[in-house]
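Since we're looking at a predicted model, the values are computed, not measured. Heavy atoms only: backbone and side chains are in, while hydrogens, waters and symmetry mates are out. Per chain, numbering begins at 1; letters A, B, ... match sequence-line order.
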Amino acid sequence: MALSTRYNPQETEKKWYDHWMEKDYFHSEPDEREPYSIVIPPPNVTGVLHMGHMLNNTIQDILIRKARLEGKNACWVPGTDHASIATEAKVVKMLREKGITKGEIGREKFLEHAFEWKDKYGGIILDQLKKLGASCDWKRTRFTMEPKLSEAVLKVFVDLYRKGHIYRGLRMTNWDPEAQTVLSNEEVIYADENSNLYHIRYDIEGEEGESIVIATQRPETIMADTAIAVREDDERYAHLVGKKALIPLINRAIPIIADNYVELGFGTGALKVTPAHDQNDYDIGQRHNLEVIDILTPDGKLNENAQILVGEDRFEARIKIKVLLKEAGHLVELESYRTSIGRSERTKAVVEPRLTKQWFVKMNELARMALHAVESGEVKFHPEHMFNMYKSWLKEENVRDWCISRQLWWGQRIPAWYLDEHVFVAETAEEALAKAKKATGNDALTIEDLNQDEDVLDTWFSSWLWPMSVFDGFENQEELRYYYPTNTLVTGWDIMFFWVARMIMSGYEWSGELLGMEHVMEHGRMPFRDVYFTGMVRDNQRRKMSKSLGNSPDALKLIENYGADGVRFGMLSSAAAGNDIVFDAPFDNETKEVLNESKLCEQGRNFCNKMWNALRLVRGWEIDPKLEMSAVNKLAISWIENKVKETIERVEANFVEYRLSDALMNLYKLIWDDFCSWYLEMIKPEYEKPIDQATVDRTLEIFSDLMSALHPFMPFVTEEIWHQLKDRKEGEDCVISTYPASNDYDKALIKKVDQAKTAVAGVRDTRNTKGIKMKELLKVFIQDTPVAQELFKLDGLKSMIIKMANLESLEFTSEEVPNSVAILAGTEKFFIELKETINAEEECARLTKDLEYQEGFLKSVMKKLGNERFVSNAPEQVVAMERKKQADAEAKIKSIKEAMEQLGCS
RNA sequence: GGGCGAUUAGCUCAGUUGGUUUAGAGCACCUGCCUUACAAGCAGGGGGUCGUUGGUUCGAAUCCAUCAUCGCCCACCA
């Protein structure tokens with residue numbers, strides 16, 4: 001069968017993915033093997049694959065495939081997150097386009113629409129992961145809002161309430177006027193934006209001509225003012241404290257109070273106090289017993305309390321009130337100003353501080369335990385310095401209670417029922433009713449008498465249970481006992497607080513209760529042992545790749561262009577843990593669009609092609625069964641086998657430290673340089689000549705091992721080549737093959753062959769500089785020294801050099817060879833005899849350069865050795881090495897000088 | 001304001017607890033090759049006083065300090 005000169009990913013990728021699925025290789029059930037489990041960071045159910053997902057999931061797939069090859073019971077649980085705000089916003093938008101509003105159709109109908117939407121778009125991102133090659137256990141696919149996971153959420157809520165960790169209270173919260181829900185502190189993203197500082201004059205009541213000027217960014221909120229505050233010790237205003245100021249335009253009188261929250265130097269030194277619309281003002285209000293006047297509607301418009309501009313949007317009102325204030329002569333100054341504005345992470349709407357009644361989880365104790373878990377090393381972060389960020393968040397003085405209620409419908413509804421002033425928290429309405437009957441002594445109560453809380457829970461309140469709930473751990477611990485703790489969590493550092501910290505908290509809180517002390521003593525209570533934080537994927541201007549910026553290439557188009565393996569290679573080759581990765585997709589300067597191209601992915605694609613052609617070579621050989629294995633082939637096989645072991649050992653170390661891009665690069669070099677460029681060239685038979693059976697058999701074995709080792713990184717091409725190499729039995733697939741071992745290897749052999757390779761490279765270089773064609777056979781002599789004699793005792797080494805450098809002969813010599821170029825391989829000198837008369841001047845120049853280098857080097861070595869304190873203080877080994885360097889350099893210098901003498905260099 | 005990280009070749013990055021030659025890789029670049037697996041390739045090559053200035057040490061890209069530039073996190077902000 002003739003193979004194309006190019007590897008074709010489109011043909012093979014679907015074929016093998018279907019094959020793996022058909023064989024059910026990705027499915028895991030508990031058994032006697034060691035488990036290796038990963039839970040996916042669940043993407044938003046209606047999301048699409050972006051570069052961050054590609055990176056993240058490639059890494060998880062590498063880890064899980066490696067574990068599978070090592071014979072572990074690998075289980076990667078996929079799934080999606082219901083993403084409360086994001087999904088609800090999408091559904092609301094979809095309905096709006098149909099002319100329907102949420103309020104009109106009511107909760108139940110809305111949820112029907114939402115589930116319909118979810119069913120329609122929910123699977124897309126998971127299908128896209130399959131294109132990438134993700135070897136998830138698809139039979140275990142979970143969804144954070146499916147019945148079982150929702151039950152777990154309610155159980156946990158009730159449990160925390162019972163333990164006193166959950167409370168409901170009136171607090172200043174972050175309100176998203178667009179989504180019309182409260183947000184947790186973590187969902188508010190602050191950034192500096194341009195704004196204005198309005199200096200507004202308030203007249204003093206009953207004091208003709210007296211006034212006080214305040215500065216504010218939000219003039220539209222003056223109608224909600226209930227005081228003006230100045231510093232106690234501010235002499236400018238001391239005489240006004242206790243008097244009343246009149247709010248411009250509406251002329252409501254408010255007290256002037258003294259509070260040291262006010263800073264002397266900022267603004268005018270007088271602060272308008274608006275307790276309903278600012279956290280700090282609220283605090284001041286509490287201290288001084290001020291009234292709270294809320295002038296905003298939930299969607300961010302002015303309400304009746306404002307008296308003027310009622311019904312205007314807050315930003316429209318700001319523009320209009322500026323004009324009104326100016327006309328009335330109250331606007332003293334307008335100062336441009338840069339300040340930090342908080343926006344909703346999901347809707348990007350400017351967040352409004354608002355006093356609302358919400359449910360909270362007390363965080364003090366949970367945070368302390370979560371901090372301890374990482375501090376003590378029970379959970380390890382990669383890279384380690386991510387702990388600093390984690391710590392700054394969780395330390396006592398920074399941690400704040402977690403607001404978990406959301407004024408949305410898409411999510412788990414809060415399991416709290418109200419009856420007059422009573423609250424009953426229970427997993428079901430029936431239980432709540434029972435509690436109500438008991439509490440009130442009224443047996444005639446029915447479910448209809450109770451009102452369930454209208455709010456749903458924060459999405460993260462379900463995803464923090466993910467490592468336990470995906471194994472149905474809250475219902476039945478059989479699977480949890482086997483798979484928990486999971487091994488590695490792979491996620492971006494941007495959700496360290498949203499998700500990672502909270503999973504650690506929930507693991508601490510419930511794993512003991514669920515699994516029992518014995519299990520916890522043995523395995524720990526944390527949901528994972530290692531956390532691998534990936535960096536953010538950025539464009540070549542270092543901006544975060546995002547949909548809104550339009551600077552991200554289309555992930556699926558990249559896969560079409562380079563193949564999944566090519567893209568995986570590209571993603572990974574620049575991805576050290578925790579470092580942001582700069583993805584090299586170029587911009588089209590004309591269309592201003594990012595191109596679906598990438599040099600790194602191209603390198604990956606080329607690598608596939610390289611291996612493919614190695615396959616074509618090996619497959620194309622004609623075998624002569626009578627042929628004996630040559631000495632060169634014996635040496636080559638023995639060398640590459642040792643080289644594989646050496647590299648696998650390094651790769652293993654890379655994996656332990658999660659240095660996956662190094663691991664890939666080591667394999668890349670092993671396959672491209674050592675295997676293709678050297679090994680295959682060493683054993684390659686002459687044109688149209690056959691090869692022996694044993695060499696081919698060994699080569700196929702080694703090639704197969706290389707495919708197994710590379711499989712976690714590039715699963716499709718390795719599976720395809722693995723099958724092309726040999727006829728495989730049913731069920732014999734690369735995906736479940738055996739990872740090559742890295743037992744002892746012969747370092748001395750590797751070193752000797754390396755020295756021979758240097759000699760070969762020297763001959764090639766001489767050909768290059770002298771313009772000698774590869775076809776032209778050369779005579780080479782090697783200076784007869786004990787070291788050279790020892791080197792050439794290695795069977796096959798001499799013939800290998802002859803073959804690789806294309807020589808006519810390679811002999812020992814005890815004299816300088818006339819009309820030759822002298823090269824050094826290690827300390828050994830080789831003479832390449834030339835047919836043309838050599839250009840002595842050129843040669844002398846080259847040798848002089850060499851000599852200068854060696855002498856400079858020797859000088860630096862001698863400087864060290866001449867330092868008595870070095871010789872006496874440095875470890876013996878280090879000194880010995882320096883002496884060896886000295887001896888080598890001296891030998892080389894001697895050789896070079898002899899050669900120069902021979903040439904008659906001046 | 002508090003903290004973290006980065007600064008090494010034209011570009012993107014390694015450099016493993018301070019010492020295996022006077023710093024590596026990939027891409028890009030230069031030279032020569034359509035050599036019968038691969039031009040998406042082969043064989044070679046050039047290129048860095050490791051951001052600055054000091055210090056510790058027999059020895060520093062590596063440890064400490066200082067400054068500079070960049071990125072990020074947290075807090076505050078009338």
*Determine which nucleotide pairs with B/rU69, using a 3.5 Å limit on both distances of a Watson-Crick or G-U wobble pair.*
B/rA6
_Short side-chain N/O contact to B/rC42 OP1/OP2 from A/Arg767, under 4.0 Å_ = no
*Side chain of A/Leu197 (C-beta onward), nearest among B/rC38, B/rA78, B/rG5*: B/rA78
_Looking at B/rU57, which nucleotide sits across from it as a Watson-Crick or G-U wobble partner, both distances under 3.5 angstrom, or is there none?_
none
*Let me know the distance between CG of A/Leu680 and P of B/rC42, rounded to the nearest Å.*
12 Å
*Take the protein atom CD of A/Glu384 and the nucleotide atom C1' of B/rU17, then report the distance between them rounded to whole Å.*
11 Å
*Determine, step by step, whether A/Thr647 and A/Lys669 satisfy the side-chain hydrogen bond (donor to acceptor under 3.5 Å, both in side chains) criterion, reporting the C-alpha distance in whole Å, the side-chain angles of both residues, the deciding distance to 0.1 Å, and the verdict.*
CA-CA 9 Å; A/Thr647 306; A/Lys669 284 189 227 167; over 6 Å; no
*asked:* Closest approach to the side chain of A/Tyr337, judged atom by atom: which nucleotide of B/rG44, B/rG41, B/rC77 is it?
replied: B/rC77
*Give a yes/no answer on whether the side chain of A/Asn609 brings an N or O atom under 4.0 Å of OP1 or OP2 in B/rG41.*
no
*Does A/Arg764 have a side-chain nitrogen or oxygen under 4.0 Å from the phosphate oxygens OP1 or OP2 of B/rG44?*
yes
*Does any residue of residues 184-192 of chain A have a heavy atom under 4.0 Å from RNA chain B, and if so, which ones, in number order?*
none
*Please state whether the base of B/rA78 and the side chain of A/Glu335 form at least one donor-acceptor pair under 3.5 Å?*
no
_Interatomic distance at C1', B/rG41 relative to B/rU35, whole Å_ = 11 Å
*Can you check whether A/Trp393 has a side-chain N or O nearer than 4.0 Å to OP1 or OP2 of B/rG2?*
no
Between the protein and nucleotides 19-28 of chain B, list the N/O to N/O atom pairs that are separated by less than 3.5 angstrom.
residue: B/rU21; atom: O4; partner: A/Lys892; partner atom: NZ; Å: 3.2
residue: B/rU22; atom: O2'; partner: A/Tyr853; partner atom: OH; Å: 2.7
residue: B/rU22; atom: O2; partner: A/Ser860; partner atom: OG; Å: 3.4
residue: B/rU22; atom: N3; partner: A/Gly856; partner atom: O; Å: 3.4
residue: B/rU22; atom: N3; partner: A/Phe857; partner atom: N; Å: 3.4
residue: B/rU22; atom: O4; partner: A/Gly856; partner atom: O; Å: 3.0
residue: B/rU22; atom: O4; partner: A/Phe857; partner atom: N; Å: 3.0
residue: B/rG26; atom: O3'; partner: A/Gln603; partner atom: NE2; Å: 3.3
residue: B/rG26; atom: O2'; partner: A/Gln603; partner atom: OE1; Å: 2.6
residue: B/rG26; atom: O2'; partner: A/Gln603; partner atom: NE2; Å: 3.0

*Check the distance between B/rA78's C1' and A/Phe266's CZ and give it to me in whole angstrom.*
6 Å
*What distance do A/Leu271 atom CG and A/Asp281 atom CG have between them, rounded to the nearest 0.5 Å?*
5.5 Å
*Verify the contact: side-chain N or O of A/Ser677 to OP1 or OP2 of B/rA43, cut-off strictly under 4.0 Å; return yes or no.*
yes
*So which nucleotide does B/rG24 pair with, by the Watson-Crick or G-U wobble rule with both distances under 3.5 Å?*
B/rC13
*Would you please test A/Phe713 and A/Tyr668 for ring-ring contact (aromatic ring centres under 6.0 Å, His included) and show each step?*
CA-CA 10 Å; A/Phe713 297 89; A/Tyr668 176 82; over 10 Å; no
*Between A/Arg659 and B/rG15, is there a side-chain N or O to OP1/OP2 distance below 4.0 Å?*
yes
